[in-house]
Amino acid sequence: MQNKINFYIVEYAINSLLRQKYKTIFISIVFSMLVFLLSSLFFITNSIKYELKQTLEALPDITVQKIKGGRHYDIDVSTIDEILDIHGVSGAVARVWGYYYFENAGVNFSLVGIDEYEEQYKKSFVDVAANLDFTKPSMIVGEGVKIVMDKNYYKDYFNFIKPDGTLKRVDIAATFKAQSELESNDVIVMSKENVREIFDISAQKATDIVVRVANFNEVATVASKIKLLYPDTRVITKDDLKISYQNIFDYKSGIFLALFSVSLFTFFIIIYDRVSGLSSEQKREIGILKAVGWRVDDVLKEKFYEGFIVSIFSYLVGITLSFAFVYIFKAPLLQNIFLGYSQLKTSFNLPFVFDMQTLALIFFLSVPIYIAAIIIPSWRSATLEADEVIR
Amino acid sequence: MNKKSIFLLNTLFFLLSLLSFEVVYLYKTKSLDGNSLAIKREFVTTLLLPDLAISTEASYIRHRSLSDFSSIYRDDASLREYFASTYVYKANDAK
């Protein structure tokens, strides 16, 4: 049985590690921290990407916005009729929404108008439509909005300042479910009439128009037709949005990459230190082992066990800590990379994603490299004659 | 096997069990279940505002499809923009 694990060599490896107790402990701590940092960063991005991906398909196929003087401008609601005439379009809805900047708190609320009688909304948002009283001005707010309003003593209602300077009082009817917090944190939903009044948008105008296309293969054609019909519009397809998400993640990952390269660099310094040569004591040890009859592969096996024990121990510790840090303790400090100086902070409940690819990536970035860094210099010494090494 | 080897094997076994236990616990408690996923999808379908509110001041992160009134340089399909440098705030707003 050539491949059977030789426990005597394993024991020797353990003893060898324990002889250099402080060095082993130090390397294990650094190694665990590196795995911890790398995996935490990967876990956070994975979870956010996953969460986004889950809801991406619910996006409209095409968004049409009017551009005037290089800026976004309100679009005519009558545009819908002509868009609906295009073959392949299964539905078009005029959205009325926008940002409301609340100066006292320095935050942007997203005001979204919904219409009780609109089929599309009614079907998919039964809860909100049921809670919202369309007869008087009321709204449903995200949890972040509710907290900000509470802090500013708006417990039951909020006074919106209209463009003409007058106030519009709207009652708070309810808050969104906690499950959708990461999406709804800054959102205020109210009837379209109220949003129109707050933003001073006339009944003939809308913020933009979203279009549903029955066959997804026809999206590009429909988009180009709309663009031909209305040259003053910006037509954004779902794919454009997906690309732009990719861009923003690339930008955010740039920060990750900086951290990643720093930690990788640190790790390579440790490895370089190992590869650049064994200490004379370690060389003498290999020489003595050879002199008492160990073969080259025995020495290499022993070194492999040494490297394997340290790296697998550190890998397991790093991953375990990082799972707890990201998903149980909600990644304090690291989550600020995403939050920026946002004042409407979410509680940042990241969904747990068990991604084998990430775990394998971190494993192959760390464990084999470390083992190689142990084995290669030992192999150099082990292939020399015993007396030459000892001397 | 001597005492040290057994101790090492036990330690590795303990770590592995701890990790497995943690994964199972997180999977049971922290992963997105069908219900909350349905709520999220329903929310996005209704509002048609898909993005996560992780950075609500940065409009370009929050709602990718919205043109911002304070910037004219975002009207390209890729919507590339760098927050803080292209967004205007009064100095005393950033408390």
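Below, read A as the first sequence line, B as the second, and so on, with proteins coming before strands; counting in each chain starts at 1. Keep in mind it's a predicted model, so treat the numbers as computed, not measured.
- A distance of 5.5 Å separates CG of B:Leu18 from OG1 of A:Thr320, quoted to the nearest 0.5 Å.
- Atom CZ of A:Phe354 has more than 12 heavy atoms from other residues, nucleotides or ligands within 6.0 Å.
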Chi angles and distances behind the side chain to side chain contact (heavy atoms under 4.5 Å, CB included) call for B:Ser5, A:Ile14: CA-CA 7 Å; B:Ser5 310; A:Ile14 298 170; 3.8 Å; yes

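- Counting heavy atoms of neighbouring residues, nucleotides and ligands inside a 6.0 Å radius, atom OH of A:Tyr100 exceeds 12 of them.
- Interatomic distance, OG1 of B:Thr11 versus CG of A:Leu316, reported as 11.0 Å (0.5 Å rounding).
- How far NZ of A:Lys330 is from NZ of B:Lys30: 6.0 Å, rounded to the nearest 0.5 Å.
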Pair A:Tyr327-B:Thr29, side chain to side chain contact (heavy atoms under 4.5 Å, CB included): steps then yes or no: CA-CA 10 Å; A:Tyr327 296 114; B:Thr29 56; over 6 Å; no

Side chain to side chain contact (heavy atoms under 4.5 Å, CB included) between B:Tyr25 and A:Ile328, worked out: CA-CA 10 Å; B:Tyr25 168 76; A:Ile328 298 174; 4.1 Å; yes

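- Both the backbone and the side chain of A:Ala324 come within contact range of chain B, judged by heavy atoms closer than 4.5 Å.
- Taken to the nearest 0.5 Å, the OH atom of A:Tyr315 stands 12.5 Å off from the CG atom of B:Leu15.
- Taking a 6.0 Å sphere around CZ of A:Phe308, one finds it holds 12 or fewer heavy atoms contributed by other residues, nucleotides or ligands.
- Only the side chain of B:Leu37 comes within contact range of chain A, judged by heavy atoms closer than 4.5 Å.
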A:Phe352 and B:Tyr27: CA distance, side-chain angles, deciding distance, side chain to side chain contact (heavy atoms under 4.5 Å, CB included) verdict: CA-CA 6 Å; A:Phe352 174 65; B:Tyr27 184 77; 3.9 Å; yes

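- The structure places NZ of B:Lys4 at 4.0 Å from CG of A:Asn15, a figure rounded to the nearest 0.5 Å.
- No side-chain heavy atom of B:Leu12 sits under 4.5 Å from any side-chain heavy atom of A:Ile309.
- With a 4.5 angstrom heavy-atom cutoff, A:Tyr8 does not touch chain B via any of its atoms.
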